[in-house]
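Reviewing the structure listed below.
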Protein chains: 2
Amino acid sequence: MADIIFSPAAERAAASADPESRAEGEPIWDLIELLFFAYRDFVSDPDHVLEKFGFGRAHHRVLHFVNRNPGLKVADLLETLRITKQSLGRVLKQLVDEGYVVQKEGPDDRRHRLLFVTPKGEQLAMKLAGLQTARITRALAGLGPNAHEAARAFLAAMVDDESREGVLRFIARADRARRPR
Amino acid sequence: MADIIFSPAAERAAASADPESRAEGEPIWDLIELLFFAYRDFVSDPDHVLEKFGFGRAHHRVLHFVNRNPGLKVADLLETLRITKQSLGRVLKQLVDEGYVVQKEGPDDRRHRLLFVTPKGEQLAMKLAGLQTARITRALAGLGPNAHEAARAFLAAMVDDESREGVLRFIARADRARRPR
DNA sequence: AGAAATATGTCAACATGGCTGACATAATTT
DNA sequence: AAATTATGTCAGCCATGTTGACATATTTCT
């Protein structure tokens, strides 16, 4: 890094664009901060829509995972979201009362309450997913052909080792569950 | 993707790994969900440490950006975090009272309160950044040689168009600010 | 010089969404 | 019959976001 730099663009690039330039033990500032900024904007699109419905992020997460995995058990949802049943109960009750989610008795074990979105619930869930998809599509459009795979590989690798397997299984299982609608 | 698949791993991959298999208008479920799970785990490492100090995520964010950009003005920090001055005030006051951050009068404009981390503050900020860096390093280690650049490009593209320029400038500027220590 | 604008801080009140602890009910398993 | 499991609910606490109003010091504008 003893190069003499002339253009502002080159200076900017040199400051952070080359990961090899990072000193041993120096934090990876660019990805740490980009994760913060990217996530901040990623969740902001749904937030604006949810506000009009009187819902918050917590409702979005519940609606999303129920939509993606129809028949999900309450216990599984709790584990996925890593929140307590009291926290879930608060938002789930609202979603049920307002007709976005229904609960059915489990066919094998009648203690289970299987969760399903109503048509109204699916509509909202898909609208929110559409907003996030639009952002992702815009992002990928400006990148190379392998950008989707690269992003998926990076994000999957960022998940806890103990959770990764389950997360990937969840995604794959949900794809199968939703496909034949 | 008409291949006949035998192994469970390949089957799993086929369920969601090929973006070309996504129907037109179908949400990009994998990245939507991986962003959720990756971010959830990404912030959990610092959370555990912060708890011992009686701090939360809000303190972390403030400490992080002050550490990264010594002499930051309060107004700039507010814009970066996109929170109100009242929300910032609450956590900033604690960080100042407990000796992690100091405020100095601006040399040119004495209304400004320039923010700096103390040695104690820097130590904590670097510890937290180290945890996040360890996770990122582990993630990148299992991927190809361009994984860092690919991740950066994707995350930067996910940021709002209006914010992206500023975010990248912030990262580059902060790198310069911290380099000659 | 005086007025207006700016940067920051602070008080009070409220909303969201986490948490713990305690307890209730119904169904299943032992 | 007893123990365990799945779920729900009440009450209260905490962290962190919000709005609105107002105070102070400083700078800028006229």
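No experiment lies behind these values; they were computed from the predicted model shown. Labels below follow one simple rule: chain letters A, B, ... track the order of the sequence lines, proteins then strands, and each chain is numbered from 1.
- Side chain B:Arg90 to base D:dG17: a donor-acceptor pair is found below 3.5 Å.
- Taking the six-membered ring for Trp and thresholds of 30 and 60 degrees, B:Tyr39 and A:Tyr39 have nearly parallel ring planes, at less than 30 degrees apart.
- For the pair A:Lys93 NZ and D:dC10 P, the interatomic distance rounds to 8 Å; values are reported in whole Å.
- Atom CG in B:Leu63 sits about 13 Å away from atom P in D:dT16, given to the nearest Å.
- Atom-to-atom distance recorded for A:Leu114:CG and A:Asn69:CG is 11.0 Å, nearest 0.5 angstrom.
- Comparing C:dG17, D:dT7, D:dT19 by their closest approach to the side chain of A:His112 singles out D:dT7.
- In this structure, the NZ atom of B:Lys85 is 13 Å from the P atom of D:dC22, given to the nearest Å.
- The phosphate of D:dG17 (OP1 or OP2) has a side-chain N or O of B:Arg61 nearer than 4.0 angstrom.
- A straight line from CZ of B:Phe55 to C1' of D:dT16 spans 15 Å, rounded to a whole angstrom.
- Using cut-offs of 30° and 60° on the angle between ring planes, the pair A:Phe55 and A:Tyr100 is perpendicular.
- Each of A:His59 and A:Arg111 has a nearest nucleotide on DNA chain C; the 5'-most of these lies closest to A:His59.
- When the P atom of D:dA15 is taken as reference, atom CG of B:Leu95 falls 14 Å away, rounded to whole Å.
- Along DNA chain D, the nucleotide nearest to A:Leu78 and the one nearest to B:Asp109 differ in position, and the one closer to the 5' end is contacted by A:Leu78.
- The nucleotide whose nearest atom lies closest to any side-chain atom of B:Gln103 is, among D:dT16, C:dG17, C:dG9, C:dG9.
- Remark: A:Arg164 CZ to A:Leu155 CG distance equals 11.5 Å, nearest 0.5 Å.
- Here B:Gly89 lies out of heavy-atom contact (under 4.0 Å) with every strand.
- For the pair A:Arg110 and B:Arg113, nearest-nucleotide mapping onto DNA chain C gives the more 5' position to B:Arg113.
- The CD atom of A:Glu105 sits 15 Å away from the C1' atom of D:dG8 (whole-angstrom rounding).
- The base of C:dG21 sits with one of its N or O atoms less than 3.5 Å from a complementary donor or acceptor on the side chain of A:Gln86.
- For the pair B:Ser87 and D:dT18, the criterion of a side-chain N or O lying under 4.0 Å from OP1 or OP2 is met.
- Looking only at distances, a side-chain donor or acceptor of B:Asp41 sits under 3.5 Å from a matching main-chain atom of A:Asp160.
- Note: CG (B:Leu72) to P (C:dA7) measures 14 Å, nearest angstrom.
- Distance B:Lys104 NZ to D:dT26 P: 19 Å, rounded to the nearest Å.
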